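All heavy atoms count here, side chains included; hydrogens, waters and symmetry mates do not. Treat the numbers as computed from the prediction; the structure is a model and nothing was measured. Numbering starts at 1 and runs along the sequence shown.
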Amino acid sequence: MKKLIVFAVAGVVLCSCSNSNPKKEGAAQPKVPIEITNDMENALAVIPSWVQERTVMKMTEPAAHSGEYACVTNDTIQYSYGYSELVKNISGGLPKTVVVTGWAYSTIPSPDFTIIFSTNENEKPHDYKAYPLKDVLKEKGKWTEFTATLYPDATIKPEYNVNIYAWNTSKKAVYLDDLKITFIY
């Protein structure tokens with residue numbers, strides 16, 4: 001009888017310690033967001049996945065939002081320092097949303113300044129999303145925080161290359177600093 005009670009107690013303990021929500025073979029598990037940040041301070045060291053290092057400069061006037069370096073766009077540099085990577089190298093999943101946050105400083109009110117998200121496969125364009133910051137950067141001469149939320153096309157594939165950057169068509173200087181890109185799955 002004692003052996004039966006010991007086995008019964010052991011069974012209860014094992015059942016209570018087991019995972020009540022076991023992973024099913026092949027079932028998709030929730031993905032945590034992936035955050036990629038860049039404060040521009042090490043851009044000239046050629047950080048993998050980041051491109052257009054020549055747009056990052058040591059700032060004097062205006063001062064950078066943080067640190068000493070910021071990205072400049074103007075009449076001769078339309079495209080900012082940006083992020084470029086294969087989807088499969090970012091995470092094992094396909095992002096449903098991409099959120100780009102950072103700080104921008106404009107020398108004119110309401111510049112034509114846009115955050116771009118694009119994908120391509122073997123240099124062939126696939127998806128292109130734009131988030132204009134004209135209404136966010138209403139004041140000139142001050143650092144303004146921005147958030148651009150972009151929704152990739154549902155047919156994005158792991159082999160696609162993702163590009164995230166800013167495009168300045170206003171021909172006047174706009175600076176970027178302290179970027180954060182969040183891929184939400």
Side-chain angles (χ1 to χ4, degrees), residues 24-40 42-57 69-104 106 110-137 144-185:
K24 294 178 183 169
E25 191 76 26
Q29 298 300 315
K31 302 271 183 202
V32 295
I34 303 291
E35 290 185 352
I36 299 164
T37 60
N38 195 314
D39 63 4
M40 311 296 168
N42 296 309
L44 301 180
V46 187
I47 301 169
S49 303
W50 289 85
V51 295
Q52 292 280 86
E53 291 85 3
R54 67 182 180 85
T55 66
V56 178
M57 300 176 185
Y69 292 85
C71 169
V72 64
T73 61
N74 54 32
D75 60 335
T76 60
I77 305 171
Q78 286 188 26
Y79 302 104
S80 74
Y81 186 57
Y83 183 79
S84 181
E85 185 60 80
L86 293 174
V87 172
K88 65 183 177 185
N89 290 344
I90 300 168
S91 172
L94 303 174
K96 291 181 174 47
T97 308
V98 178
V99 180
V100 181
T101 60
W103 291 83
S106 181
S110 302
D112 289 321
F113 191 74
T114 305
I115 300 298
I116 303 294
F117 169 89
S118 68
T119 61
N120 61 59
E121 181 179 26
N122 299 324
E123 304 298 320
K124 181 182 174 194
H126 172 69
D127 189 15
Y128 180 90
K129 306 289 186 222
Y131 193 101
L133 294 179
K134 188 173 199 159
D135 291 338
V136 175
L137 303 176
T144 303
E145 189 172 21
F146 68 86
T147 299
T149 304
L150 304 144
Y151 302 93
D153 188 62
T155 60
I156 191 170
K157 295 180 183 176
E159 306 79 43
Y160 287 1
N161 194 71
V162 168
N163 300 293
I164 300 169
Y165 56 94
W167 184 19
N168 181 358
T169 58
S170 68
K171 307 295 183 201
K172 300 295 181 185
V174 179
Y175 305 93
L176 283 175
D177 203 356
D178 301 321
L179 295 177
K180 179 169 78 170
I181 301 167
T182 306
F183 293 93
I184 302 171
Y185 298 89

Is there side-chain contact between [X] and [Y], with heavy atoms separated by less than 4.5 Å?
{"X": "Tyr175", "Y": "Cys71", "value": "no"}
{"X": "Thr147", "Y": "Val99", "value": "yes"}
{"X": "Asp39", "Y": "Trp103", "value": "no"}
{"X": "Ile116", "Y": "Tyr131", "value": "no"}
{"X": "Val98", "Y": "Ile164", "value": "yes"}
{"X": "Leu176", "Y": "Phe146", "value": "yes"}
{"X": "Tyr83", "Y": "Leu179", "value": "no"}
{"X": "Val46", "Y": "Glu53", "value": "yes"}

List the steps, then state whether side-chain contact (heavy atoms from CB on, under 4.5 Å) holds for Asn122 with Tyr160.
-> CA-CA 8 Å; Asn122 299 324; Tyr160 287 1; over 6 Å; no
Please assess Tyr81 against Trp50 for the test ring-ring contact (aromatic ring centres under 6.0 Å, His included), listing each intermediate value before the final yes or no.
-> CA-CA 7 Å; Tyr81 186 57; Trp50 289 85; 5.1 Å; yes
So which heavy atom on [X] is nearest to which on [Y], and how close?
{"X": "Met57", "Y": "Ile77", "value": "CE-CD1, 4.2 Å"}
{"X": "Pro152", "Y": "Leu150", "value": "CD-O, 3.5 Å"}
{"X": "Tyr128", "Y": "Ser118", "value": "CD1-CB, 4.2 Å"}
{"X": "Ala130", "Y": "Thr114", "value": "CB-CG2, 3.6 Å"}
{"X": "Leu44", "Y": "Val56", "value": "CD2-O, 3.8 Å"}
{"X": "Thr144", "Y": "Leu137", "value": "CB-CD2, 3.8 Å"}

Hey, what do you get for OH (Tyr165) to CD1 (Ile115), rounding to the nearest 0.5 Å?
-> 10.5 Å
Pairwise distance CD1(Ile90) to CD1(Ile36) - rounded to 0.5 angstrom | 5.5 Å
Candidate pair Ser80 and Gln52, rule side-chain contact (heavy atoms from CB on, under 4.5 Å), full reasoning = CA-CA 7 Å; Ser80 74; Gln52 292 280 86; over 6 Å; no
Check against side-chain contact (heavy atoms from CB on, under 4.5 Å), Val162 and Leu86 | CA-CA 6 Å; Val162 168; Leu86 293 174; over 6 Å; no
Would you say the side-chain atoms of Asn161 and Asn163 include a donor-acceptor pair closer than 3.5 Å?
-> yes
Distance-only polar pair, side chains of Thr155 and His126, donor-acceptor under 3.5 Å = yes
Check this for me, if you would: do [X] and [Y] make a salt bridge, where the nitrogen-to-carboxylate-oxygen distance has to be below 4.0 angstrom?
{"X": "Glu35", "Y": "Lys180", "answer": "yes"}
{"X": "Asp127", "Y": "Lys129", "answer": "yes"}
{"X": "Lys134", "Y": "Asp112", "answer": "yes"}

Would a distance-only check, ignoring hydrogens and angles, find a side-chain to backbone donor-acceptor pair under 3.5 Å from Asn74 to Gln78?
-> no
side-chain contact (heavy atoms from CB on, under 4.5 Å) between Asn38 and Met40: does it pass, once the steps are laid out?
-> CA-CA 6 Å; Asn38 195 314; Met40 311 296 168; 4.1 Å; yes
